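Here the structure is laid out as structure tokens; the discussion comes afterwards.
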2 protein chains.
Amino acid sequence: MKVTIKDVAEKAGVNPSTVSRVINEDPKLSIREETRQRIMDVIRELDYRPNGIARSLRLKSTRTLGMIIPDITNPFFPEVIKGAEGAAAERGFSLILCNTDEEEEKEKAYLELLVEKKVDGFLVATASSYDRTVEFLSEKDYPFVLVNRRSRDATGRYVVVDDVEGARMVVEHLVELGHRRIAHIAGLLFAETGLNRLEGYRAALNNRQVDFDPAYMTEGGFREIDGYRAAQRLLDLPRRPTAIFAANDLVALGALTAAAERGLRVPEDISIVGYNDIPIAEKVTPPLTTIRVPLYDMGYLAGEILTKIILGEEVPEDRVILKPELVVRWSSGQVPG
Amino acid sequence: MKVTIKDVAEKAGVNPSTVSRVINEDPKLSIREETRQRIMDVIRELDYRPNGIARSLRLKSTRTLGMIIPDITNPFFPEVIKGAEGAAAERGFSLILCNTDEEEEKEKAYLELLVEKKVDGFLVATASSYDRTVEFLSEKDYPFVLVNRRSRDATGRYVVVDDVEGARMVVEHLVELGHRRIAHIAGLLFAETGLNRLEGYRAALNNRQVDFDPAYMTEGGFREIDGYRAAQRLLDLPRRPTAIFAANDLVALGALTAAAERGLRVPEDISIVGYNDIPIAEKVTPPLTTIRVPLYDMGYLAGEILTKIILGEEVPEDRVILKPELVVRWSSGQVPG
DNA sequence: TTTGATTGCACAATCGTTTTTATATATAAT
DNA sequence: ATTATATATAAAAACGATTGTGCAATCAAA
């Protein structure tokens, strides 16, 4: 017994088109105040709500954004999502969220789904899948913006944080504390973020005239276990590093565990720093020195840019590089001895 | 230049209806294999994808579920969401997620939105809003299932965990360790979970012949700051409790901070236990003794029930009460002295 | 009183599907 | 050869909105 615009029209004794114009406040509609009231009353009386599907079909616009993220349980993303949602909501858009679990296949499937569902634009926060997604979207000319990553050729729109700058900051902080033997547990080096942090690490060493020692550089991954394993190797080196810069906080946590297993105190015996400032970073013992990235802002800006594009508004900046911030806590200290 | 079913039909030299039937594998369609192939070829050639909106309009079904949650940054929810998404995906449904930030107004707005978007059913994981949501949904006869809560009158479908049992378990665990002065930082008492945990707490005391002391019972909330404030009051009591049962892990974290500020060691000076076993619980120092609830399962079951209802399948159990599990870590210890 | 403009609303086409009903051809049965 | 039955496809009517255009009625100006 769904009530349609026709029912309203009938009961109000007008034509459906008139009801539609009243609802949408068509500026070029001239209508008697009395009729308008009558229509509004009937709408309330019947508790009429327009059918968004029919509306979308006619308007060729769903006022919906599709957002693709790798893993909703990674504490990095919820804040980003909130930001995107906030920006979307401000312009009357809603968000449909797709979790790929880092599986390329799922990503592809979701992409198809979103296309079928006719979302007006895409927010892409996954980085793993060899740019197939980006390729697909540009090819079809669907509006999209990349979140926390760029495309391989750096075309298109994106909102990222300046990872080389962040890495540089935290590593220079270590140098200032007197460290010279600073190791780096790199993330995946085919991910842009991994590469950039490595670059920032090398830049910092270079800036401060500290020699780069390949033995102190180890490729890991972005998970806790990756940090644990890599730290084990590092800590068993004959000339042990006095500080470790981990690719992210999770990796730093793994390193913390490895250090604890060897009876090393942090930061007295060794400093360990992370990246991202996920909520857990300040909870752990010792609280992690890390780099805070503006997660909410990143999501918000991406959402803002995308909705503006869709609405045909001017977008002055569609390639945004956000500045990270150094957060000094307890896990970084003077060089021992 | 979107390609429609009409374009395909034209190019294949058939009627759109035939194309439609081929796509949907209409069983009562008899078609020459040759024609069918021709159509399929054209579909591939034009890279035709059906318009889901038009399809939904016609079919009166969007194959979409709306899920309302209070706070996506609360680590409790992502896992639940994943479960729901998994169940939905298995039956070809997708999920649109709505974050209310615990604001009743936002919840109402999202509800309207989801109705306009014609989702086929609702997953409701918010508890705060005086049942207006549930009322609305039942009144309009929209299919829905409650997640981690029940309606006031316990009608309708739901998937919850046995919170009184969980609370009982963890409190009895404390009693077994010798504690008698066990405080409880309750959650919001107009939320069912808050109420139930309080009930479990009292049941445990009662079972073990420990007197209930109103001074040890304090209403807080579900956030970390609530736990911090409540713990401050509790710890400044003349006869300090030897153990605190917090409404959830976040609250326990706040309590941990308050204890640390007073120089109290956990668990040597005071035991603190949480609820939910969110990922951070095992990372914090000391790792929290807590109650593990099957988050993924909760979401999955809710999603399964809802989609089955929608598809008209039999649902043997639409009121599920899941069993929690005690996880003993380091934050609970022998009573001091 | 006629003309012209403006107001107030209705008509009908359209969006891209699905689905019921109808029609035309081929095959089989009589 | 004729009728009955299957087979293969087409035509047309929804689904529930929006919107350009058109037609009266009202009002102002001449």
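Since we're looking at a predicted model, the values are computed, not measured.
Computed from coordinates, the B:Lys6 NZ to D:dA13 C1' distance equals 14 Å when rounded to whole Å. Distance NZ (B:Lys118) to C1' (C:dT17): 18 Å, rounded to an integer number of Å. The distance from atom NZ of A:Lys60 to atom C1' of C:dG16 is 8 Å, rounded to the nearest whole Å. What separates CD1 of B:Ile39 from C1' of D:dA10 is a distance of 12 Å, to the nearest Å. As rounded to whole Å, 8 Å separates atom P of D:dT19 from atom CZ of A:Arg55. Protein atom CZ of B:Arg58 is 5 Å distant from nucleotide atom C1' of C:dT19, rounded to whole Å. Atom-to-atom, CZ of A:Arg38 to P of C:dG8 comes out at 13 Å; the value is rounded to the nearest Å. Between the P atom of D:dA14 and the CG atom of A:Asn51 lies a distance of 18 Å, rounded to the nearest Å.
For the pair B:Glu107 and B:Arg132, the salt-bridge criterion is not met [side-chain N within less than 4.0 Å of a carboxylate O]. Between A:Asp41 and A:Lys11 there is no salt bridge, since none of the side-chain N atoms of the basic residue sits less than 4.0 Å from a carboxylate O of the acidic one. With salt bridges taken as basic N to acidic carboxylate O contacts below 4.0 Å, one links B:Glu112 and B:Lys108.
For B:Thr64 (side chain) and B:Thr62 (main-chain N/O), a donor-acceptor pair under 3.5 Å exists by modelled atom type. Checking side-chain atoms of A:Ser138 against main-chain N and O of A:Val134 turns up a donor-acceptor pair under 3.5 Å. Within the 3.5 Å criterion, the main-chain N or O of A:Val3 finds no donor-acceptor partner in the side chain of A:Arg49.
Screening A:Asn99, A:Thr100, A:Thr126, A:Asp101 for a side chain to side chain donor-acceptor pair (under 3.5 Å) with A:Lys106, the sole residue that qualifies is A:Asp101.
Rounded to 10°, the angle separating the first-five-pair axis and the last-five-pair axis of the helix from C:dT1-D:dA30 to C:dT30-D:dA1 equals 60°.
Checked by distance alone, A:Ser17 brings a side-chain donor or acceptor within 3.5 Å of a matching partner on the base of C:dC11.
Note on A:Arg32: a side-chain N or O is less than 4.0 Å away from OP1 or OP2 of C:dC9. In this structure, B:Asn15 reaches the D:dA11 phosphate: one of its side-chain N or O atoms is under 4.0 Å from OP1 or OP2. Residue A:Thr35 places at least one side-chain N or O closer than 4.0 Å to OP1 or OP2 of C:dC9. For C:dT18, one of the phosphate oxygens OP1 or OP2 lies less than 4.0 angstrom from a side-chain nitrogen or oxygen of B:Ser20.
With a 6.0 Å radius and a threshold of 12 heavy atoms from other residues, nucleotides or ligands, A:Glu45 has its CD atom above the threshold.
Nearer the 5' end of DNA chain D, as judged by each residue's closest nucleotide, is the contact made by B:Arg21, out of B:Arg21 and B:Leu59. If A:Leu57 and B:Ile31 are placed on DNA chain D by their nearest nucleotide, the residue sitting closer to the 5' end is B:Ile31.
Nearest nucleotide to the A:Thr18 side chain, out of C:dA10, C:dT17, D:dA11: C:dA10. The side chain of B:Ser30 sits closest to D:dA8 out of D:dA10, D:dA8, C:dA10.
Within 4.0 Å (heavy atoms only), B:Asn24 reaches sugar-phosphate atoms of the nucleic acid but no base atom.
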